[in-house]
There are 2 protein chains.
Amino acid sequence: MAKKITIYDIAREAGVGIGTVSRVLNNNPSVTPETRTRVTEVAKRLSYQPHTYAQRLARQQSETISAVIPFFTSYFFMEVLRGVQEKVSEYGYDLVLYGVEHADEVESYVAKALRRGKVDGILFFSMKMPDRVLADLKESNLPVGLVDAVSPSFDSISVANSEGAYTATTHLLELGHRKVGMVNAQSMSTPALERLQGYRRALEEQGIPYSDSIVRCGKNTRHDGFNRDSGYEAMLDFIAMGPDMPNAFFISSDIQAFGAIAALNEKGLRVPEDVAMVGFDDIELARLMRLTTMRQPMFQMGVLAIERLVARMSHPEMEILHTTFSPTLIVRESCGALMTSEGTPSAKSRLR
Amino acid sequence: MAKKITIYDIAREAGVGIGTVSRVLNNNPSVTPETRTRVTEVAKRLSYQPHTYAQRLARQQSETISAVIPFFTSYFFMEVLRGVQEKVSEYGYDLVLYGVEHADEVESYVAKALRRGKVDGILFFSMKMPDRVLADLKESNLPVGLVDAVSPSFDSISVANSEGAYTATTHLLELGHRKVGMVNAQSMSTPALERLQGYRRALEEQGIPYSDSIVRCGKNTRHDGFNRDSGYEAMLDFIAMGPDMPNAFFISSDIQAFGAIAALNEKGLRVPEDVAMVGFDDIELARLMRLTTMRQPMFQMGVLAIERLVARMSHPEMEILHTTFSPTLIVRESCGALMTSEGTPSAKSRLR
DNA sequence: ACGTTTTGCGGAAACGCTTCCAAGCTTAAA
DNA sequence: TTTAAGCTTGGAAGCGTTTCCGCAAAACGT
């Protein structure tokens, strides 16, 4: 390792004081152009690199934002994270990533993050946090943003889950389906709960009684049930109902919808001919699979989350802002809306 | 913000010196049990949190590992990153993430990362770096690991691309296909190039002349062409060949294969009945899509990358290690191997 | 009883920066 | 010419730790 160069080396070499060196390096205007160039040149010649942590200690700020994500890797988070990452680097901050699996990990993480000065701001993704943690967070005055979660005390970016589910279900209803089932995720999850509500509301609005018997959730709990296998299991369960099985489904995530399609195909049933469905998320592969779904502006949510957080970092007293995106219905073929009059999918469309 | 508590506050409150406080906090054994408990109690009472950056400055190390990733978000990287993240937090390091789009960004990033003490180690993903950058990196003595890339001067974790392509192509050949085309990614990309070589070798080994005319790459260059649209475009191009079109394809990534399938379906062609194909990666959805593919142990690659990096951080003089994983052939239905004797896919299988 | 070692501890120094203050020099105003 | 007001500048102080050095007291050996 080449010997470490500090501002003292530069000062000596350039025949100035360390204060001047620091001023030059930080573009402080009160330095004559001559001194400035001299110092700059020496710095370049010695290929000086400031010590990040010394700066952070002296400046009392970290230039770091952290993101706390449950179930690291799921298409939804990845997409949001892309927006986050882009914006973070645009602002010149560092992005440190924490993946947590259980609620207790959040707690221990928060404790660490609260180490004075460690981060300038934190983004929590889809986390349901214990009240005590929320209180600690609030008391610490650390800028915090919530993504896909809501709490009165912090800024949040979320999606109108209930509304989206309502739209999806209504779409199916308007297509003439009377028996619309739902494949849901684990009911402990807030988005899952909200989507269930929207589904229910749509049904009731059309005078169709809600029934627990046609709402299922697979047993696989990974990612709170927002996974392929949970959808697969749930659909297998439905198929076992025989003729009583619903012929249309609102499915609480695209990835579960893919699992459901797999289950249907295995049993010789086809989408949308035999079963119509609408998903939720609009992940990249939904387009490929021709899945009708509710689009969430994931990338944009990530971008906005950082913009908001940065704004709060500079204006801590800013009023708390909650932004809810309304998912939009993307009609593809899985809902059957694009079927030709003969009852077969249009030329472009064949879902398996 | 509650007033900041420092070791001085603890020292005063506990009636000891700061040295002792520090020793207690760092589990240095030369402190009597009584003093230790007294200090510990005071620390807890004041809910002391050490200042991370002061520690890093004094200790001269960052407890941070960074990952530099091109094209943030692609299934491959995400999966590897999951392994990385898991291991990093197990070791108690911070993970800071950099997404870069162009080679020049890498350069400026490396410059920043080399700021003394900023990170304890860096992982580069699938990056082809200018020699000068490699030299700088080497000279800096900073522990570096390469994932999905190789260079003589650094540890690396990669996949036997050529071998994998060879296996995939051979599989198709053994199934009786004589005209096997290839959908490739951008040829600037090393993995793409290596996969092409493997494909070619397989052909030649079976006495089939290689022909440029049945190797295509879509124009979409996002992610170096490892994306859905590039596969879609390439396949459309093939279809335009009419009867001369190959009836089997090795496709350089699963995601491209999905695009290719979409193109085929649009034109009324079916997989595997009309066209057989083998992909590469085995991303989660490959299973769902019944795509025969070459599996890369992505998660495990991430884990190993960190283990290796941490090992190098403690033993800088350790001999440089290159690990190459051999992808394994996962036979599903897209290759046609599972067709029943009647020439139709088996019960479970229907790829569109 | 008296050296000699060991143990526990206090606090200065160091880590490498930013920032503030005082001082030297100019330049402008009176 | 004198005084006031700007500029530049050097360097001390401060950020919150860790660590090293030295000292006193305790433990040990004889």
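Please read all numbers here as calculations on a predicted model, not as lab measurements. Here is how names work: the chains are called A, B, and so on, in the same order as the sequence lines, proteins then strands, and each is numbered from 1.
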Is there a side-chain contact between [X] and the phosphate of [N], meaning an N or O under 4.0 Å from OP1 or OP2?
X	N	result
A:Gln60	C:dT18	no
A:Thr20	D:dG10	yes
B:Tyr48	D:dT17	yes
B:Gln55	D:dT18	yes
A:Thr6	C:dC15	no
B:Ser22	D:dT19	no
A:Thr35	D:dT9	yes

Checklist entry - Between A:Pro33 and A:Ile18, who's closer to the 5' end of DNA chain D by nearest nucleotide? => result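 Closest to the 5' end, via its nearest nucleotide, is A:Pro33.
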
Item to check | Aromatic ring proximity A:Tyr75/B:Tyr75, centre distance under 6.0 Å | outcome: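 Yes - the distance between ring centres of A:Tyr75 and B:Tyr75 falls below the 6.0 Å cut-off.
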
Would you indicate which nucleotide in [options] comes nearest to any side-chain atom of [X]?
X	options	answer
B:Leu57	C:dG10, C:dC17, D:dG16	D:dG16
A:Arg59	C:dC9, C:dT18, D:dT18	C:dT18
B:Ile7	D:dT17, D:dT9, C:dG16	D:dT17

When we call it a touch if two heavy atoms are under 4.0 Å apart, what does [X] touch: a base, just sugar-phosphate, or nothing?
X	result
B:Gln49	sugar-phosphate
B:Arg56	nothing
B:Tyr53	nothing

Next on the checklist: For B:Glu86, I'd like to know if atom CD has over 12 heavy atoms of other residues, nucleotides or ligands within 6.0 Å.
Outcome noted: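 It does not: B:Glu86 CD has 12 such atoms or fewer within range.
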
Checklist entry - How far apart are the C-alpha atoms of B:Tyr48 and B:Thr6, what are their side-chain angles, what is the distance that settles it, and do they pass the side-chain hydrogen bond (donor to acceptor under 3.5 Å, both in side chains) test? => result CA-CA 7 Å; B:Tyr48 167 78; B:Thr6 71; over 6 Å; no

Checklist entry - If you look at every heavy atom in B:Pro50 and B:Gln55, which pair is closest and at what distance? => result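 Where B:Pro50 meets B:Gln55 most closely, the heavy atoms are CB-NE2, 3.5 Å.
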
